[in-house]
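Beneath this line is the structure, given in structure tokens, with notes to follow.
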Amino acid sequence: MTSSLLDDLQWRKSIAQTTDRKELETFLNGGSRSLYLGFDPTAPSLHLGNLAVLTVLRRFQLAGHKPIALVGGATGLVGDPSGRSSERSLNEVEVVADWVGRIRAQLEGFLDFTGKNAAVMANNLDWTAPVSAITFLRDIGKHFSVNQMLAKESVSARLESGGISYTEFSYQVLQAFDYLELNRRHDCALQIGGSDQWGNIVAGVDLIRRVEAKSAHALTIPLMTKADGTKFGKTASGAIWLDPKMTSPYAFFQFFLNSDDRDVEQLLRSFSFKSHEELEQLFESLRTNPGAREAHRALARELTTLIHGESETVKVETAAKALFGQGELADLDIDTLSGALSELPRTNIGKGAPIPTWVDLIVATGLVESKSAARRIVKEGGAYLNNVKIVGEDFAPTTDSLLHGRFFVLRKGKRDLAAVEVG
RNA sequence: GGUGGGUUGCCCGAGCGGCCAAUGGGAGCGGACUGUAAAUCCGCCGGCUCUGCCUUCAGUGGUUCAAAUCCACUACCCACCA
């Protein structure tokens, strides 16, 4: 089983770089190995970019290895310069601590913490905080050559563009220290991460060799990009988050369903846990009958289920089907309708209160930023009430249009929906 | 330390006293075509109590009837010279 893991990852195009491939192969075949993947708390939730890497960690576990999920309670306070052209602004200690807790909870749902190759959760603050500056400089710092540190892409790029603080410059040392510490504590000899982490990971590999005279391995995963060259997992309104309060399951599902055809195959390779055969069939369907969007749907379903659960996926898909179906909204029964609408951005207005204009309503749901933008949409013919185009910037729905006496469905453009509930 | 150049709307980048909410490109949004896709074409693209008003061109103060455009100082960046 383990022998095919790297081949599988290769097939998925999930390998950017590794330390010596043969040695890594031998190492993995030698038994159940500990490996680690770290996330710095730079936001209150993980996003799709993180998920891509996390998925690989999970594949390792399914192949019998022991994953260590590390949350960077310490490194998150310092800031990784990798891939950034300017200094990060530091977040408050309490904020980072809060984010650590949230991210930890998300990670817990994604790995198996029971069984013989149970996952382990770690926080680098645990071993970093107790170490004094002097001890750190003598025991760890002594093994680093500033010349090499300067040569790292993450640092040299910053020297070109406005400089780097000593704080961020030290980041690679901290991450290397993590790897060393996990090597000591858990015999962890493989670190994986996004391809921008190569420099940091290798810093740890070197440190382990120097201090422990042991060999350690590295594997990085390509950063995903979309066919149009933009960053994967980002929309105009920001990243796609795993936290349902930040990105609703409905929006999450729709994100995948609406993916560019050209991206779907790679997304399935990267994220899906289906067999190669099943995936090949989906690729085939994508080629021969793209209009059916079978592959899109499979992708959206599998990932929404993985992150938000089966029942949520069913709800979301039913909602989408109801709202995008050719049937009249008025024909939907109250339960289906109210279920579907609960997935959308929404607002409430009091019963008996005067009903605001369409423009005011859609701004209230948060679907449109400003009234000017909303008015523009009306003027351009992209405004709908209950799937009927409306005309006139002053248009205000009447109670006659209420669906089941309670709801309005607002639509902007072809596929952006919002709900208003009265009462 | 010296000298010169720069800082413009989400991003890049014109403008260099009034005709400037500010050319152009990208992103984004709406429309047509489609498949809740892509490409293409058309339109929009600071906000509002919208024939007008308000807030924007690094910050502060000044000159002027009038400044993104001129002057002074401050901050940051870049280049060359030490």
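The chains referred to below are lettered A, B, ... by the order of the sequence lines, with proteins before strands, and numbering in each begins at 1.
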Centre-to-centre under 6.0 Å for A:Phe252 and A:His308, is that the case here? yes
Which is true for A:Gly291 with a 4.0 Å heavy-atom rule: it touches a base, it touches only sugar-phosphate, or it touches nothing? base
Taking atom C1' in both B:A68 and B:U7, what distance in whole Å separates the two? 12 Å
Note: A:Asp360-A:Lys371 ion pair, threshold 4.0 Å (strictly below): yes
Sidechain N-carboxylate O distance under 4.0 Å for A:Asp206, A:Arg210: no
Of A:Glu369 and A:Gln254, the one whose nearest nucleotide on RNA chain B sits closer to the 5' end is A:Gln254
When you check the gap from the basic side-chain N to the acidic O, do A:Arg269 and A:Glu265 get nearer than 4.0 Å? yes
Quick one: label A:Asp261 by what it contacts on the DNA or RNA (base, sugar-phosphate, nothing), any heavy atom closer than 4.0 Å. base
What is the distance, to the nearest angstrom, from the CD atom on A:Glu294 to the P atom on B:A37? 18 Å
Pairing partner of B:U51, by Watson-Crick or G-U wobble and under 3.5 Å for both distances, is none
Distance between P atoms of B:G24 and B:G46 (Å, rounded): 12 Å
Rounding to an integer number of angstrom, what distance separates B:U8 and B:C44 when you compare their P atoms? 26 Å
Can you find a side chain N or O atom of A:Arg415 that sits less than 4.0 Å from OP1 or OP2 on B:C29? no
Within this structure, what is the CG-to-C1' distance between A:Asp416 and B:A37, rounded to whole angstrom? 15 Å
In whole Å, what is the span from the CH2 atom of A:Trp358 to the P atom of B:G30? 10 Å
I'd like the P distance from B:G6 over to B:A14, given in whole Å. 11 Å
Send over the distance from A:Arg262 CZ to B:G35 P, rounded to a whole Å. 18 Å
When you compare B:G13 with B:G9, how far apart are their P atoms, in angstrom units rounded to a whole number? 11 Å
Counting heavy atoms from C-beta on, name the nucleotide in B:G35, B:A37, B:G30 closest to the side chain of A:Asp260. B:A37
Now, which nucleotide makes the Watson-Crick or G-U wobble pair with B:A75, with each of the two distances under 3.5 Å? B:U7
Looking at every strand, decide which applies to A:Arg376 at a 4.0 Å heavy-atom threshold: base, sugar-phosphate, or nothing. sugar-phosphate
Nearest whole angstrom, please: distance from the C1' of B:C29 to the NZ of A:Lys414. 12 Å
For residues 125-136 of chain A, which residue pairs qualify under side-chain hydrogen bond (donor to acceptor under 3.5 Å, both in side chains), counting only residues two or more places apart or in two chains? A:Trp127-A:Asp178, A:Ser132-A:Thr135
Roughly how many Å apart are B:G17 and B:C57, using the C1' atom of each and rounding to a whole number? 15 Å
Are A:Ser370 and B:G47 close enough that a side-chain N or O sits under 4.0 Å from OP1 or OP2? yes
Paired nucleotide for B:C80 [Watson-Crick or G-U wobble; both distances under 3.5 Å]: B:G2
Check whether the side chains of A:Gln10 and A:Asp7 place a donor and an acceptor atom closer than 3.5 Å, and report yes or no. no
Could you tell me how far apart A:Glu265 (CD) and B:A38 (C1') are, to the nearest whole angstrom? 16 Å
Would you classify A:Ala320 as touching base, sugar-phosphate or nothing, given that sugar-phosphate means primed atoms plus P, OP1 and OP2, and contacts are heavy atoms under 4.0 Å? base
From the list B:G35, B:C48, B:G31, which nucleotide is the closest neighbour of the side chain of A:Ser372? B:C48
What distance, rounded to whole Å, do you find between the two C1' atoms, one in B:U69 and one in B:C19? 15 Å
Just one of A:Ile362, A:Val359, A:Thr357, A:Val391 clears the side chain to side chain contact (heavy atoms under 4.5 Å, CB included) bar with A:Val378, so which one? A:Val359
Hydrogens and angles aside, do A:Gln106 and A:Asn50 bring a side-chain donor and acceptor to less than 3.5 Å of each other? no
Answer with yes or no whether the side chains of A:Lys152 and A:Gln172 bring together a donor and an acceptor at under 3.5 Å. yes
Between A:Ile377 (CD1) and B:G28 (C1'), how many Å, whole number? 11 Å
Atom CD of A:Glu393 and atom P of B:C44 are separated, to the nearest Å, by 15 Å
Quick one: on RNA chain B, does A:Ala383 or A:Tyr250 contact a more 5' nucleotide (nearest heavy atom)? A:Ala383
Donor-acceptor pair under 3.5 Å, A:Lys371 side chain vs B:U49 base: no
Polar atoms only, N or O, under 3.5 Å: list the protein pairs with nucleotides 41-43 of chain B and their distances.
| from | atom 1 | to | atom 2 | distance (Å) |
| --- | --- | --- | --- | --- |
| B:G43 | N2 | A:Glu380 | OE2 | 3.4 |

Using atom P in both nucleotides, what's the gap between B:A66 and B:G18 to the nearest angstrom? 14 Å
